[in-house]
*Asks:* 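Before I ask anything, let me first share the structure, which is written out below as structure tokens.
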Number of protein chains: 2
Amino acid sequence: MGITERREREKQELRDKILDKAREILIKEGQENLSIRNIATAAEYSPATIYLYFKDKDEIVYELMEMGFALMVEDLQEAFESSDPVERIRKIGHGYVVFGLKNPEWYQVMFNAPQPIQHLEKCKEEWGRGISLFEFLVETCQEVIDQDRTTVREARLLALHMWSTVHGLVNLALTQRLEMVEQGGGPDLISKTIDSVMRCIFK
Amino acid sequence: MGITERREREKQELRDKILDKAREILIKEGQENLSIRNIATAAEYSPATIYLYFKDKDEIVYELMEMGFALMVEDLQEAFESSDPVERIRKIGHGYVVFGLKNPEWYQVMFNAPQPIQHLEKCKEEWGRGISLFEFLVETCQEVIDQDRTTVREARLLALHMWSTVHGLVNLALTQRLEMVEQGGGPDLISKTIDSVMRCIFK
DNA sequence: CAAATATAATGAACAGTGTTTAGTAAAGTC
DNA sequence: GACTTTACTAAACACTGTTCATTATATTTG
């Protein structure tokens, strides 16, 4: 059945094209301009057609979130490969913040947007890539604890501490709250804060 | 001129009424339902009338942010009065997170919404109450440093560290990311995390 | 090849959003 | 009572997500 195969393939291709245009709009014009109509125009189809390939807008945002995680993992690859667990955590933390500041639109979709999470509730899938990243951090924290290089005793708690701090930093910076209290609230301040956090946690 | 005074007073009263209805909608129906039309209907006026009292929606959100800070300061009053600076920081941190989790709509407006900040840029005013809160935290951190109860040497850095962590925690919880990695990601986990952070920072 | 059928795509509508403008109705002034 | 100022609103514009009946295309069947 070569014909049905071709149709299947064409269907997949259009789905991919829609996602690709969505990605372009997200990056170039921001999340506030990521509308079904804009996506449809970019893909040269009518808005209604989008709904033949995606249940709703949330499903598109969910797919973009997945893409974002792939990009982030790529960015953090070098950090993951550090042999020293403390250095690994420092590099992950720093890389995490840099990714967030350099890719604000991706970051919003991945860590702040409610849509992808609501989509998960509906489909009962899992926040796969996000969990993987966190679990890797937990494992690294466990290594640090095993090496007795921190006073914290629980790996999950330590990982959550790190995540909260970098997530908080990125969000404060992205929502312009950081520059409200610190004029030159740039990457310098963020680096200093991460270093300070690291010194607090590790011996 | 009693008439112009009355008219001035009536103008102020309607402005207050609009803000009050906006507050009610924010709390009861959430930020996604805080529309000019909903506010106008609640105040029993046409949508266009709102624009005679506020430049745009952002200005209303900005006023709501100010209200939110007043509420938060009230909530944190007890924490502010602790004589021991370390205890003060712990209580502020805990109170901050509790406020965020109990008042998600206020929290979004105060710390995540872009509107009030954009409004500030236009009007060149200041994020007054937010800055006051942060500066108080900085002063308390300085006390802790002076008492030599932490290894961190810079008060502003320490304050930012604390703020980032609690802000990150609240946001992870509010956007359902916390429960993605920790099933029972309730207030218990958050308390434990704050305690862990405090132990790391203070001797 | 033509007719019937299955599939794909869309135009138009619905209910909502923020915002502007022209016009009306009421209140105050002379 | 006539004029002017103020307060208010209906209607429109340009958007948003989403649905559904209709149309056009492609494939299968007679």
*Asks:* For DNA chain D, what residues of residues 43-53 of chain A have any heavy atom nearer than 4.0 Å?
*Replies:*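 Hits under 4.0 Å, by residue number: A:Ala48, A:Tyr51.
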
*Asks:* How long is the span from the SG atom in B:Cys200 to the NE2 atom in A:His161, to the nearest 0.5 Å?
*Replies:*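 Between B:Cys200 SG and A:His161 NE2, I get 5.5 Å after rounding to 0.5 Å.
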
*Asks:* Would you classify B:Ile60 as touching base, sugar-phosphate or nothing, given that sugar-phosphate means primed atoms plus P, OP1 and OP2, and contacts are heavy atoms under 4.0 Å?
*Replies:*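 Nothing: the residue B:Ile60, judged by heavy atoms under 4.0 Å, touches no strand.
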
*Asks:* Tell me whether B:Arg156 is salt-bridged to B:Glu135, with the criterion being a basic N under 4.0 Å from an acidic carboxylate O.
*Replies:*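 Salt bridge: yes.
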
*Asks:* CD of B:Glu32 versus P of C:dT17: gap in Å, rounded?
*Replies:*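 So the CD-P distance, B:Glu32 to C:dT17, works out to 11 Å.
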
*Asks:* Looking at five pairs on each end of the helix from C:dC1-D:dG30 to C:dC30-D:dG1, what is the angle between the two axes, given to 10 degrees?
*Replies:*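 Here the local axes at opposite ends form an angle of 30°.
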
*Asks:* Nearest whole Å is fine: how far is C:dT19 P from B:Glu59 CD?
*Replies:*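 The distance from CD of B:Glu59 to P of C:dT19 comes to 11 Å, rounded to the nearest Å.
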
*Asks:* Which residues pass the salt bridge (Lys or Arg N to Asp or Glu O under 4.0 Å) test with A:Lys102, not counting sequence neighbours?
*Replies:*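 Checked A:Lys102 against salt bridge (Lys or Arg N to Asp or Glu O under 4.0 Å); zero matches.
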
*Asks:* Considering only NZ, NE, NH1 and NH2 on the basic side and carboxylate oxygens on the acidic side, decide whether B:Asp20 and B:Arg23 come within less than 4.0 Å.
*Replies:*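 Salt bridge flag = yes for B:Arg23 with B:Asp20.
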
*Asks:* Atom CD of A:Glu10 to atom P of D:dA26: distance rounded to whole Å?
*Replies:*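 Value for this atom pair: 10 Å.
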
*Asks:* Take atom CG of A:Asp58 and atom C1' of D:dT16, then tell me their distance rounded to the nearest Å.
*Replies:*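 These atoms are roughly 14 Å apart.
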
*Asks:* Apply salt bridge (Lys or Arg N to Asp or Glu O under 4.0 Å) to B:Arg90 and list each qualifying residue two or more places apart in sequence or on a separate chain.
*Replies:*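 Partners of B:Arg90 under the salt bridge (Lys or Arg N to Asp or Glu O under 4.0 Å) test: B:Glu87, B:Asp195.
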
*Asks:* Do A:Arg149 and A:Glu143 sit within salt-bridge range, that is, some charged N less than 4.0 Å from a carboxylate O?
*Replies:*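 A:Glu143 and A:Arg149: not salt-bridged.
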
*Asks:* Which label fits B:Phe136 and B:Phe80: parallel for a plane angle under 30°, tilted from 30 to 60°, or perpendicular past 60°?
*Replies:*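 Ring orientation, 0 to 90° scale: perpendicular.
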
*Asks:* Kindly check if the number of other-residue, nucleotide or ligand heavy atoms within 6.0 Å of CD (A:Glu44) is above 12?
*Replies:*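 No - once you tally the heavy atoms of other residues, nucleotides and ligands closer than 6.0 Å, there are 12 at most.
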
*Asks:* Should B:Tyr107 and B:Tyr96 be marked as a ring pair (Phe, Tyr, Trp, His ring centres under 6.0 Å) after you check the CA-CA gap, both sets of side-chain angles, and the distance that decides it?
*Replies:* CA-CA 10 Å; B:Tyr107 195 85; B:Tyr96 183 100; 5.7 Å; yes

*Asks:* Heavy atoms within less than 4.0 Å of DNA chain C: which residues of residues 15-31 of chain A have one? Give them sorted by number.
*Replies:*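 The stretch gives none, as no residue of it lies under 4.0 Å from the strand.
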
*Asks:* How many Å lie between NZ on B:Lys11 and C1' on D:dC8, as a whole number?
*Replies:*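 That distance rounds to 11 Å.
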
*Asks:* Report the distance from atom CZ of B:Arg37 to atom P of C:dT19, rounded to the nearest whole Å.
*Replies:*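 Going from CZ in B:Arg37 over to P in C:dT19 covers 10 Å.
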
*Asks:* In whole Å, what is the span from the CG atom of B:Leu34 to the C1' atom of C:dG18?
*Replies:*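 So the CG-C1' distance, B:Leu34 to C:dG18, works out to 12 Å.
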
*Asks:* Return the orientation label for the A:Phe69 and A:Phe111 ring planes: parallel under 30°, perpendicular over 60°, tilted otherwise.
*Replies:*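 Ring orientation of A:Phe69 relative to A:Phe111: perpendicular.
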
*Asks:* Indicate, with a heavy-atom threshold strictly under 4.0 Å, whether B:Asn33 touches base, sugar-phosphate, or nothing.
*Replies:*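 If one applies the 4.0 Å heavy-atom cut-off, B:Asn33 turns out to touch nothing in the nucleic acid.
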
*Asks:* Sequence neighbours left out, what pairs pass side chain to side chain donor-acceptor pair (under 3.5 Å) with at least one residue falling in residues 29-40 of chain B?
*Replies:*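 Every side chain to side chain donor-acceptor pair (under 3.5 Å) pair that includes a residue of residues 29-40 of chain B, provided the two are not neighbours, is B:Ser35-B:Asn38.
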
